[in-house]
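Below is one structure; the comments refer to it alone.
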Amino acid sequence: VRTTIGTASTTATQTSRDRVNRGLFVQDIWEVNDRLHVTASGRRDSNSDFSTEDTGQLAGAWQVVESGPRLHSHIGRGIKVPTYGEIYGSTTSPGLASKPDGVRVEQSRTFDAGLEQAWGPVRADVTWFEHRYKDLVEFESTAAGNSQGGNAVARGWEFSVDADPSKRWRLHADLTVMDTNVLATKTTGTAFVVGDELLRRARLQSNASATFRPTEDLSTRLGMRYIGSRVDRNFGVSSSGLRERLGSYTLFDWAGSWTLPDPRWKLFTSAENLLDRQYSEIIGFPSPGFNAMGGVEYLHAF
């Protein structure tokens, strides 16, 4: 990968950088029996901007008894490579490459465990999870630039219910309850505050949908999305970004499709934010209001 970083108005401050990444991925799935399944995977990445890193995951599912509860769990490690801007900075703001610690990857460790149970056409699942983040990239100020040292944790519960009361109806609902906490930071800014929550992570999130198929060729879906209150930074009040709480919002979406008598042709349409709700995902940046689209799809086999 090659990129050029710098200002768009002049080439005097621009610089060209290269990044080479080589990786190897391996995965295996074991079906021990009809009720026990195990998946293991691993990956090795060698990147020119950092040393070799190994990641992987182990997941399993066990049906305790036939038609009984299903236990599932997952553990894994992931990485995220800092961006070119974070690594090399600019003429006025130093990047990670200029710091004594050099460049490291952002790391995450994840564990979850849950229970799933079905009662005829209804299936419910409850899962507990914990994500731990290490060496997060932090920006303190133009003079200080970027550094790494942000550690945080996010943990909580996920609940979901799916139901198929008939061939024409499919219902879904889920709820996520999550608490986040900054454990360590190298900066004195407002992006990472020890003991406080992570930015833009809502404690409550929920989705619900109802899909109706009056015929095999016609389908319509109504969906709802709820995002609870969360902390963000307001740079309009303070240049350092005053921490403020964004309000919650609920959005409704709709989608439909119709396969014509000639099955190669399909008409589809969708509408987002049906009630034209005014909301912000980021302070200072209003999100789109009501919008709709439609189209035609044609499938042809060669």
Side-chain angles (χ1 to χ4, degrees), residues 5 76-90 92-96 99 101 103-112 127-158 174-207 225-251 273 277-289:
I5 55 178
R77 176 180 184 265
I79 61 171
K80 177 181 178 295
V81 183
T83 65
Y84 281 102
E86 292 170 339
I87 293 175
Y88 300 108
S90 66
T92 58
S93 181
L96 299 174
K99 300 301 179 67
D101 294 337
V103 179
R104 304 189 303 277
V105 296
E106 295 180 304
Q107 304 179 50
S108 66
R109 296 183 183 276
T110 300
F111 173 77
D112 62 63
T127 300
W128 179 86
F129 64 87
E130 179 176 288
H131 308 303
R132 289 190 171 269
Y133 306 97
K134 182 181 178 182
D135 289 333
L136 298 176
V137 177
E138 305 173 283
F139 180 80
E140 183 168 8
S141 65
T142 300
N146 294 309
S147 63
Q148 281 187 287
N151 296 345
V153 61
R155 58 171 65 94
W157 295 87
E158 293 181 342
D174 64 64
L175 171 68
T176 300
V177 183
M178 178 175 67
D179 291 306
T180 64
N181 187 29
V182 176
L183 303 177
T185 179
K186 283 189 175 181
T187 71
T188 58
T190 58
F192 292 87
V193 178
V194 173
D196 208 339
E197 60 192 275
L198 288 168
L199 295 176
R200 306 189 190 109
R201 266 70 165 191
R203 186 174 189 273
L204 296 178
Q205 298 185 53
S206 181
N207 296 275
R225 177 163 54 102
Y226 169 81
I227 304 295
S229 64
R230 60 252 177 251
V231 170
D232 197 4
R233 293 195 292 171
N234 191 338
F235 291 95
V237 175
S238 170
S239 59
S240 61
L242 180 67
R243 291 175 75 95
E244 291 185 0
R245 184 164 293 276
L246 274 167
S248 60
Y249 62 88
T250 302
L251 302 178
N273 195 358
R277 175 71 186 272
Q278 300 301 306
Y279 68 99
S280 293
E281 296 179 313
I282 302 174
I283 291 179
F285 294 87
S287 297

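Please read these numbers as outputs of a predicted model, since none were measured by experiment.
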If we only count heavy atoms from C-beta on, is the Glu158 to Asp174 side-chain gap below 4.5 Å?
no
Donor + acceptor pair across side chains of Glu130, Thr110 (<3.5 Å):
no
Side chain to side chain contact (heavy atoms under 4.5 Å, CB included), that's the test. Do Glu197 and Met178 meet it? Break it down for me.
CA-CA 10 Å; Glu197 60 192 275; Met178 178 175 67; over 6 Å; no
If I compare all heavy atoms of Ser248 with all of Tyr226, which pair ends up nearest, and what's the gap?
CB-OH, 3.5 Å
Using the rule given for side chain to side chain donor-acceptor pair (under 3.5 Å), can you reason through Asp135 versus Gln148, listing the C-alpha separation, both sets of side-chain angles and the distance that settles it, and then say yes or no?
CA-CA 5 Å; Asp135 289 333; Gln148 281 187 287; 5.6 Å; no
What's the spacing between Leu251 CG and Asn273 CG if we round to 0.5 Å?
5.0 Å
Measuring only between side-chain heavy atoms, which start at C-beta, is Leu204 closer than 4.5 Å to Thr176?
no
Contact summary for Ser280 and Leu246, nearest pair of heavy atoms
O-CD1, 3.9 Å
What do the steps show when you test Val137 against Leu96 for side chain to side chain contact (heavy atoms under 4.5 Å, CB included), and what is the final call?
CA-CA 9 Å; Val137 177; Leu96 299 174; 4.1 Å; yes
Okay, side chain of Arg230, backbone of Gly247: is any donor-acceptor separation there less than 3.5 Å?
yes
When rounded to the nearest 0.5 angstrom, what is the spacing between CG in Leu198 and CZ in Phe192?
6.5 Å
Mind running side chain to side chain contact (heavy atoms under 4.5 Å, CB included) on Tyr279 and Ile227 for me, showing each step along the way?
CA-CA 10 Å; Tyr279 68 99; Ile227 304 295; over 6 Å; no
d(Leu183 CG, Asn151 CG) to nearest 0.5 Å is 6.5 Å
Keeping the roles fixed (side chain from Asp232, backbone from Ile283), state whether a donor-acceptor pair exists under 3.5 Å.
yes
Closest heavy-atom contact between Pro94 and Ala144?
CG-O, 3.5 Å
Once you round to the nearest 0.5 Å, how far does CH2 of Trp128 lie from CG of Asp112?
9.0 Å
Which heavy-atom pair separates Ser93 from Gly145 by the least distance, and what is that distance?
OG-CA, 3.4 Å
Distance alone, cut at 3.5 Å: any donor-acceptor contact between the side chains of Glu86 and Asn146?
no
Do you see a donor-acceptor pair shorter than 3.5 Å between the side chains of Arg243 and Thr190?
no
Salt-bridged, Arg155 to Asp179, with N to O below 4.0 Å?
no
Given the rule in the side chain to side chain contact (heavy atoms under 4.5 Å, CB included) test, do Tyr249 and Arg225 qualify, once you have shown the distances and angles that lead to the verdict?
CA-CA 8 Å; Tyr249 62 88; Arg225 177 163 54 102; 4.0 Å; yes
Out of curiosity, Ser147 OG to Lys186 NZ, how far, rounded to the nearest 0.5 Å?
6.5 Å
When the ring planes of Tyr133 and His131 are compared, do they come out parallel, tilted or perpendicular, using 30° and 60° as the limits?
tilted
Can you check whether Asn181 reaches Val153 side chain to side chain, under 4.5 Å on heavy atoms?
yes
Between Val237 and Leu242, what is the shortest heavy-atom contact and its length?
CG1-CD2, 3.9 Å
Arg277 atom CZ, neighbour heavy-atom count above 12 within 6.0 Å:
yes
Residue pair Val105 / Ile79: nearest heavy atoms and the distance that separates them
CG2-CG2, 3.8 Å
Could you tell me the separation between the CD atom of Glu244 and the OG atom of Ser229, rounded to the nearest 0.5 Å?
13.0 Å
